[in-house]
Amino acid sequence: MYEVTLSDNDDASIAPIVRRTSTTTIDITDLQPCSNYVVGVSSVNNFLVAGEPDNISHKTRNIDKVSSISETYDCTTSIVTVTWEAVFGANSYKAMAIDGTNTELNCTSNSTSCAISGLKCGETYRVHVTAISDDCTSVSNITTLFDTVPCAPDDHTSFRECSSNVVVFGWQATNNTIYYVAKSVSSSGEVVECRTTQTSCYFTDTHCGLSYNYTVYSKTPCRPTNVISSSDCQSDNLTTSWDVAAGAESYLVEVYGNNRDEYNCTTAGNTCITTGVPCGEHLSVWVTATAGECANRVLGQAAVTAPCTPANVSVVVGSLGCDQNSALFNWTTSNGAVFYIALAQHANGMVRSCNSLSTNCIVEGLDCGQSYNGSVIATNLKCNSTVTTLVLFTTGPCAPSNVQAVANCTSNHVDISWEHLQPTGSYTAVIQDHNSPQLNCTSDTLNTCEILSVPCGKTYNVTVTYSDGVCSPASAPINLNSVPCAPVNVSASLACPNSASVTWVGSPSATSYNVTAVGTDGHIHYCLTNVTSCHVPNVHCGQNYTITVTPYADACAGNPSLPHHFTAGPCAPSNIHVSTECGGSTVSWSPVAGAESYIATATAHTGHEHTCNSSVANTCSFTDLHCGENYSVSVVAVDRGCHSEPSPAVVRKTVPCVPTNISVAPECIRNTAVVSWSASKGAVQYSVSAWSSHGNVTCWSSGLNCTLNITCGSNYTVDVKAINGNCSSDPSQPLTFSSVNVSSSLACPNSANVTWQRSPSATSYNVTAVGQDGHIHYCSTNSTSCQIPNMHCGQSYGVTVTPYADSCPGFPSIPHNVTAVPCVPTSVSVAPDCISNTAVVSWSASKGAVQYSVSAWSSQGNVTCWSSGLNCTLTNITCGSNYTVDVKAINGNCSSDPSQTLTISSGS
């Protein structure tokens with residue numbers, strides 16, 4: 001349990017807020033707005049507070065007070081516009097104008113100004129602004145006062161002295177009035193004015209017999225608004241302008257400087273120039289509007305003049321004057337400056353600068369060894385001071401530039417050159433690596449020097465230093481590679497198919513290498529690389545090569561490595577011979593120097609491959625070649641895991657494939673049987689053999705069928721072989737067939753008569769008819785004919801006859817097809833046309849139909865038509881008769897039953 005206490009830090013008389021909670025968070029909603037609280041949290045055990053609370057200062061939402069208020073009163077509209085500075089956190093503002101009786105007028109705004117209307121005449125108003133943020137408000141401590149236009153005088157009186165023609169006109173005094181203007185207008189139109197600070201006027205020049213109308217109004221000049229002062233930045237003049245104030249007759253401008261000096265000017269217009277205002281001033285400007293003896297004074301915006309010119313400018317270019325690219329400017333403070341700009345100008349017009357809020361800064365980006373004019377300008381962001389007296393300075397001497405170092409490949413020297421040769425002083429060139437002592441050379445009159453006996457294989461930093469006895473600027477370092485040392489540990493290995501992979505230990509300073517391989521046949525290969533390995537392609541097979549590696553540092557060649565000897569891969573085998581046998585192929589070739597083993601490949605025209613390997617002899621055999629293929633056979637030699645180029649290919653054919661899809665069609669009438677098969681790959685011709693108890697028969701064919709002479713009533717077994725030259729395939733799967741010859745005729749309307757030739761040894765026969773719809777009919781007989789009844793209309797039946805010798809069945813006959821009577825046509829419709837005396841009859845297709853007959857009869861006679869399609873046109877129809885129509889389907893000599901009849905009228 002925890003106890004939370006909130007105490008009002010601003011008002012100790014307010015009782016603290018105490019809450020308890022078992023969690024580590026709590027919401028407290030009844031706090032006073034815009035108040036400061038101290039929050040304490042204590043642990044509570046058995047309602048006893050354990051220890052002092054941990055206090056945390058907390059402030060409820062609050063906002064600052066408005067710190068600046070100004071007002072502009074319009075004499076003609078009696079509206080005052082109040083303006084203030086924004087307050088952080090405020091959502092809105094309320095401006096209030098309070099008169100002497102504490103009557104308040106106000107306006108609200110989300111911005112920083114608003115207008116209050118309805119002001120009373122002759123009042124002095126006090127203005128303040130409240131900032132508002134949701135439920136918090138903050139009333140400003142600052143107020144401003146302004147007077148409204150005076151009220152019109154009231155309680156007018158007039159007194160006339162008859163003896164002197166003098167009229168005394170009086171009125172009641174009004175607040176905030178500087179003077180009054182009374183006016184007399186006669187009935188003849190004459191106007192006379194009287195101005196006075198009193199409450200009466202004497203009109204002395206009245207005339208008898210005229211009537212007069214008297215009026216009076218109070219007057220005070222309004223305050224000037226929008227007072228703005230500006231300096232022209234070039235002279236000691238300050239120009240002040242403002243908006244014309246109603247009622248003002250003249251204006252007085254008073255200017256007060258920081259050193260209490262005072263300047264002024266007067267004008268009847270709304271602009272005035274104050275002269276003699278010195279530089280670096282921050283000025284208060286007052287403008288007083290005057291009307292007679294009355295005046296109204298207002299404070300305008302602060303004004304500044306151009307800052308004074310900095311003094312005591314000096315330039316330092318570094319200790320001992322050796323700074324090459326920058327200069328330190330110093331000066332003394334000038335009045336009115338916000339910050340300063342230091343300028344360094346070269347004779348070519350180029351200017352470099354730096355800005356500073358203090359009295360020094362560093363100008364960078366200068367050129368070395370150059371003379372500059374230095375100056376300083378002060379600025380207040382509106383005006384710049386005049387430029388200080390120029391200070392001439394020179395930057396430090398230039399370091400040598402464009403340094404170049406070249407290693408002399410033949411003499412092992414290094415030549416160094418540079419630019420910016422000075423007429424006096426000396427130059428020193430130094431080369432040094434990380435591990436060796438530095439080497440150097442000097443020159444007083446030339447911009448080159450030479451360092452002798454430079455060790456090979458080094459990478460040096462090269463710098464050139466100029467010295468005039470005081471300064472010693474050094475050039476930016478460059479890298480130099482000395483003549484590279486010869487590579488070592490050169491080795492080469494065979495890279496397939498016939499290349500050399502060369503590696504070596506490189507030279508530290510080498511940037512590239514050239515590998516040269518020279519074969520015993522005079523063939524030369526080169527390889528350029530910037531790493532320590534190289535691939536030398538297309539070396540000549542079977543050749544011995546001498547390999548050297550030459551290092552380069554840039555364009556400078558070092559000493560070559562010791563030679564390394566390398567033997568290229570084997571050449572392709574030659575004299576390829578393939579001996580073809582009906583069961584496989586044997587390949588032989590001439591031996592190849594350096595070969596470790598050989599691989600022979602037989603590739604079919606379809607792309608599949610067979611291989612055989614030989615590691616000792618120069619021969620090998622293929623045992624798994626595909627039948628009926630043309631193979632291209634080649635051999636490669638193998639050495640160190642790499643294959644030679646393949647030998648010239650030799651083409652050979654394999655044994656043809658076994659024939660498939662054997663079928664037999666016996667014709668007992670002719671005592672023959674036609675044997676057919678599918679083509680075999682690689683076959684040139686085929687041989688067919690058939691054998692039975694009556695003996696064997698054969699035939700030959702270069703096509704895909706052959707006719708055998710057989711004895712009817714016998715059972716034969718037949719096979720086929722494919723032949724290619726001296727090789728033949730294995731025989732095909734044997735096929736057994738019977739020589740029974742079956743025929744049939746359709747017995748209308750739905751039966752078939754089946755007949756066949758008797759089989760010599762048969763004692764009975766079983767006839768099977770299977771329809772397309774799966775319907776099966778059987779017939780058993782000991783004769784050579786049988787009738788199949790009740791066949792389904794439109795169905796085609798396959799009929800086979802199986803002979804039996806007692807209870808032993810023989811081979812069934814080849815299936816014989818018979819089609820049943822067609823089905824009855826349906827969906828018959830008629831469309832008569834009396835104009836042409838015709839009628840078109842249509843129907844749906846009937847299974848088994850070859851053509852259709854249409855009949856129509858009436859008392860006038862019969863008409864018919866025939867069609868092999870699904871409609872027919874009846875002609876010579878007699879109009880005004882009723883016809884009965886039916887349709888029959890026809891197949892050969894049989895026709896279906898007629899369709900359902902349809903009666904039509906042929907119209908009138």
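Only a predicted model underlies this, so the values are computations on that prediction, with no experimental measurement involved. What's counted below: heavy atoms across the whole structure, side chains too, no hydrogens, waters or symmetry copies.
If you check the side chains of S588 and H577, you find no donor sitting under 3.5 Å from an acceptor. In the model, H792 has a side-chain atom that pairs as donor or acceptor with a side-chain atom of D773 under 3.5 Å. Using modelled atom types and a 3.5 Å distance limit, the side chains of T567 and N544 yield a donor-acceptor pair.
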Quick one: side chains of residues 592-602, donor-acceptor pairs under 3.5 Å with protein atoms, not counting sequence neighbours, listed by atom name and distance.
residue : atom : partner : partner atom : Å
E596    : OE1  : R640    : N            : 3.2
E596    : OE2  : R640    : N            : 3.4
Y598    : OH   : V592    : N            : 3.0

Kindly list each side-chain donor-acceptor pair under 3.5 angstrom involving residues 841-854, sequence neighbours excluded, with atom names and distances?
residue : atom : partner : partner atom : Å
S844    : OG   : S827    : OG           : 3.4
S846    : OG   : C823    : O            : 3.2
Y852    : OH   : S846    : N            : 3.0

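T755 places none of its side-chain heavy atoms less than 4.5 Å from the side chain of T784. Taking the side chain as every heavy atom from C-beta outward, V536 and V515 approach each other to under 4.5 Å. The shortest side-chain heavy-atom distance between Y526 and L528 does not fall under the 4.5 Å cut-off. For the pair H525 and V539, the minimum side-chain heavy-atom distance is below 4.5 Å. A heavy-atom distance below 4.5 Å is found between the side chains of T532 and W504. Looking only at side-chain heavy atoms (C-beta outward), Y513 and N530 stay at 4.5 Å or farther from each other. Residues T768 and I776 have side chains in contact (heavy-atom distance under 4.5 Å, counting atoms from C-beta outward). Within the 4.5 Å cutoff, side-chain heavy atoms of W700 are placed close to those of I723.
Closest approach of H564 to A492, counting heavy atoms only: NE2-N, 3.2 Å. What you find for V818 and M791 is that their closest heavy atoms are CG1-CE, 4.2 Å. Closest approach of Q860 and S881 over heavy atoms only: CG-OG, 3.1 Å. The two residues I576 and S647 have their closest heavy-atom pair at CG1-OG, 3.3 Å. Considering every non-hydrogen atom in both S896 and P822, the closest pair reads CB-O, 3.2 Å. The two atoms that bring P570 and S644 nearest to each other are O-CB, 3.1 Å, heavy atoms only.
In this structure, C699 SG and N709 CG are separated by 9.0 Å, a value rounded to the nearest 0.5 Å. The line from CG of D719 to CG of D730 is 10.5 Å long, rounded to the nearest 0.5 Å. The CG atom of N862 sits 12.5 Å away from the CG atom of N876 when rounded to the nearest 0.5 Å. Here the OG atom belonging to S764 is positioned 7.0 Å from the CG atom belonging to N782, to the nearest 0.5 angstrom. Separating the OG1 atom in T717 from the CG atom in N696 is a distance of 10.0 Å, to the nearest 0.5 Å. To the nearest 0.5 Å, the span separating CD on Q787 from OG on S751 amounts to 4.5 Å.
Between the side chain of Y883 and the main chain of L902, no donor-acceptor pair closer than 3.5 Å is present. Side-chain atoms of Q772 come within 3.5 Å of backbone atoms of S796 as a donor-acceptor pair (strictly under, hydrogens ignored). Judged by distance alone, with hydrogens and angles left aside, the side-chain atoms of R652 form no donor-acceptor pair with the main-chain N or O of N630 at under 3.5 Å.
No more than 12 heavy-atom neighbours from other residues, nucleotides or ligands sit within 6.0 angstrom of CD on Q900. No more than 12 heavy atoms of other residues, nucleotides or ligands lie within 6.0 Å of CD1 in I835, so this atom counts as exposed by the packing criterion.
Annotation: side-chain hydrogen bond (donor to acceptor under 3.5 Å, both in side chains) contacts involving residues 603-622, sequence neighbours excluded, comprise T586-S621, H605-E629, T606-H608, H608-H626, H608-Y631, H610-D624, H610-Y631.
Aromatic rings from H565 and Y545 are positioned such that their centres are separated by 6.0 Å or more.
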*Taking it one step at a time, do V863 and I877 satisfy side-chain contact (heavy atoms from CB on, under 4.5 Å)?*
CA-CA 8 Å; V863 291; I877 296 295; 3.7 Å; yes
*Chi angles and distances behind the side-chain contact (heavy atoms from CB on, under 4.5 Å) call for V664, V674*: CA-CA 6 Å; V664 181; V674 177; over 6 Å; no
*Start with the C-alpha distance between V718 and W691, add both sets of side-chain angles, then the distance that settles side-chain contact (heavy atoms from CB on, under 4.5 Å), and finish with yes or no.*
CA-CA 7 Å; V718 64; W691 58 94; over 6 Å; no
_Worked check of side-chain contact (heavy atoms from CB on, under 4.5 Å) between F566 and S501_ = CA-CA 10 Å; F566 164 78; S501 180; over 6 Å; no
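Residues satisfying the side chain to side chain donor-acceptor pair (under 3.5 Å) test with S491, not counting sequence neighbours, are T503. Residues satisfying the side chain to side chain donor-acceptor pair (under 3.5 Å) test with H540, not counting sequence neighbours, are D521, H523. Residues satisfying the side chain to side chain contact (heavy atoms under 4.5 Å, CB included) criterion with N750, sequence neighbours excluded, are N790, V821.
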